[in-house]
> 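Dropping a structure here in structure tokens format, bear with me for questions.
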Amino acid sequence: MKIAIIGASGYAGGDLIRLLLSHSRAEVTCATSRKLAGRPVETVHPHLKGYTRLNFENPALDAIDVDLAFLAVPHTAAMTYARPLLDRGIKVVDLSADYRLPREMFEQVYGVVHTDYFEAPYGIPELHRDEYRSADFVSNPGCFPTGATLAAAPLAPYAHTIIFDSKTGVSGAGDNPSATTHYPNVGDNVTPYKWTSHRHLAEMRREIARINPDTTCYFTPHLVPVNRGILTTAHILLREPMEQEDVEEMYRRSYDSEYFIRYQTPVLAAVRGSNFCDLKAESAGDRVVAISAIDNLGKGASGQAIQNMNIICGFDERDGLRAPGLLP
Ligand SMILES: NC(=O)c1ccc[n+]([C@@H]2O[C@H](COP(=O)([O-])OP(=O)(O)OC[C@H]3O[C@@H](n4cnc5c(N)ncnc54)[C@H](OP(=O)(O)O)[C@@H]3O)[C@@H](O)[C@H]2O)c1
């Protein structure tokens, strides 16, 4: 299957190329970048030298001749690609936020007008895969909402309040340098940001409300000095106390058959570079603390996008995603 990566010079695009090298059915034949058109992929992805002979290109939309395209571009850019590609029979997995929320909610949260809205399935496979197996388009969830939702979903039916507290690595901000991501500001430091107003809260609230509309969610992220990874602590406040063994039974029931979810103490390094979500929960009576770890570029972006491609193309979900994490 021929694959295009729109936005292949960015962090998510680079990880798509890397992971797809080991896919048995898919080959990247088009890697776009407007700024680097004509230059070899290793110009910004030196780890891929020797693995691909691709050059970046900046093709006209109707010259993109592939079976499936990943949109690894910023929000508002993806909405200009999605429908024209679909109209030409090309399946699309969108890593941006453009189709994750209902139109009005998107416009309010992102402060922009959506110029080409349509409803799309929200691609957390472990919760929704049966709803979109035959879809041509999947909206890949945000990185924070993936780790947070997976941590809390098994107990959401019994919760009145869930407080998510996340620590994220710096690659979550993309490859565009800024004062926030400048080394002296990040290194040897921990910085809270968007304490009550991060855009991903809307996705988390929507997903948890699909399980239990009576649950209230809150979220505060922190930037930590690592390149990859998100560790999310979910304080799940229950209507009734729950014993540890019952809590564990809930997680077993939800995830025992899920290859990419492992019930074990979550640490970032164990999932780094992989599509795994490690999680574990501990009961303190009517408060359960559930913690998850994902790679923001793996299960939080490119890994999950490939998992979603595998689902809509009828491939083995693990194809291209079998590599373990990079501990230490
Ligand atoms: N980083 C993460 O951990 C993460 C996690 C989940 C989701 N995402 C989402 O995935 C998308 C990509 O993120 P990223 O971190 O890889 O960003 P990035 O490092 O900033 O890369 C963005 C890519 O998009 C291209 N691009 C930018 N504006 C474009 C436009 N108007 N039209 C076409 N191409 C454009 C850029 O290349 P040129 O400018 O040269 O064209 C570059 O290849 C974003 O929507 C982001 O929110 C990222």
Side-chain angles (χ1 to χ4, degrees), residues 4-19 28 30-39 41 43-45 48 54-61 64 69-82 84-85 92-101 106 109-110 112 115-116 122-124 138-149 166-178 180-181 198-200 202-204 221 223-224 226-232 268 271-273 275 277 294-308:
I5 299 172
I6 314 298
S9 61
Y11 285 157
D15 238 28
L16 282 166
I17 302 176
R18 179 180 71 87
L19 292 165
V28 180
C30 170
T32 84
S33 164
R34 297 160 311 162
K35 295 187 197 105
L36 296 171
R39 312 264 303 269
V41 156
T43 309
V44 283
H45 303 311
L48 301 178
L54 276 176
N55 284 345
F56 291 116
E57 52 181 309
N58 185 19
L61 256 169
I64 297 174
F70 292 99
L71 305 182
V73 295
H75 70 276
T76 68
M79 64 179 81
T80 65
Y81 285 92
L85 291 170
V92 176
V93 179
D94 176 20
L95 283 75
S96 87
D98 283 357
Y99 295 92
R100 292 182 198 151
L101 298 169
F106 172 84
V109 171
Y110 286 85
V112 291
T115 54
D116 199 4
Y122 186 78
I124 296 188
V138 181
S139 175
N140 214 55
C143 47
F144 286 121
T146 295
T149 304
S166 296
K167 288 96 189 161
T168 181
V170 188
S171 62
D175 73 349
N176 211 358
S178 71
T180 313
T181 59
H198 195 284
R199 288 163 165 171
H200 284 179
E203 270 178 66
M204 295 172 190
L223 189 64
V224 296
V226 298
N227 283 334
R228 287 168 177 259
I230 295 177
L231 190 115
T232 295
L268 288 188
V271 296
R272 188 164 52 210
N275 193 47
C277 173
I294 60 169
D295 184 327
N296 54 290
L297 290 169
K299 186 68 173 156
S302 308
Q304 185 149 259
I306 292 171
Q307 193 182 352
N308 281 324

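In each ligand, atom 1 is the first atom listed, and ligand 1 is the first ligand listed.
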> Heavy atoms only: give me the nearest R100-S139 pair and the separation to one decimal.
CG-OG, 3.1 Å
> Which pairs of N or O atoms, one from ligand 1 and one from the protein, are separated by less than 3.5 Å, and what is the distance for each pair?
from, atom 1, to, atom 2, distance (Å)
ligand 1, 1 (N), S171, O, 3.0
ligand 1, 3 (O), N296, ND2, 2.8
ligand 1, 16 (O), Y11, N, 3.2
ligand 1, 16 (O), A12, N, 2.8
ligand 1, 19 (O), Y11, N, 3.1
ligand 1, 19 (O), D175, N, 2.9
ligand 1, 19 (O), D175, OD1, 3.2
ligand 1, 20 (O), D175, OD1, 3.4
ligand 1, 28 (N), R34, NH2, 3.0
ligand 1, 31 (N), R34, NH1, 3.3
ligand 1, 37 (O), S9, OG, 3.2
ligand 1, 39 (O), R34, NH2, 2.8
ligand 1, 39 (O), K35, NZ, 3.1
ligand 1, 40 (O), S33, OG, 2.7
ligand 1, 40 (O), R34, N, 3.2
ligand 1, 40 (O), K35, N, 3.0
ligand 1, 41 (O), R34, N, 2.8
ligand 1, 41 (O), R34, NE, 2.8
ligand 1, 43 (O), G7, O, 3.3
ligand 1, 43 (O), S9, N, 3.2
ligand 1, 43 (O), S9, OG, 2.6
ligand 1, 43 (O), G10, N, 3.1
ligand 1, 45 (O), V73, O, 2.6

> Knowing that exactly one of V271, I230, N275 qualifies, which makes a side chain to side chain contact (heavy atoms under 4.5 Å, CB included) with K299?
N275
> Can you tell if the side chain of Y110 reaches within under 4.5 Å of the side chain of L101, non-hydrogen atoms only?
yes
> Do Q304 and T146 pair up side chain to side chain, a donor and an acceptor below 3.5 Å, judged on atom types alone?
yes
> Checking N140 against D94 for the side chain to side chain donor-acceptor pair (under 3.5 Å) test, could you report, in this order, the C-alpha distance in whole Å, the side-chain angles of both residues, the deciding distance, and whether it holds?
CA-CA 6 Å; N140 214 55; D94 176 20; over 6 Å; no
> Kindly state each residue pair satisfying side chain to side chain donor-acceptor pair (under 3.5 Å) with at least one member in residues 69-82, sequence neighbours excluded.
none
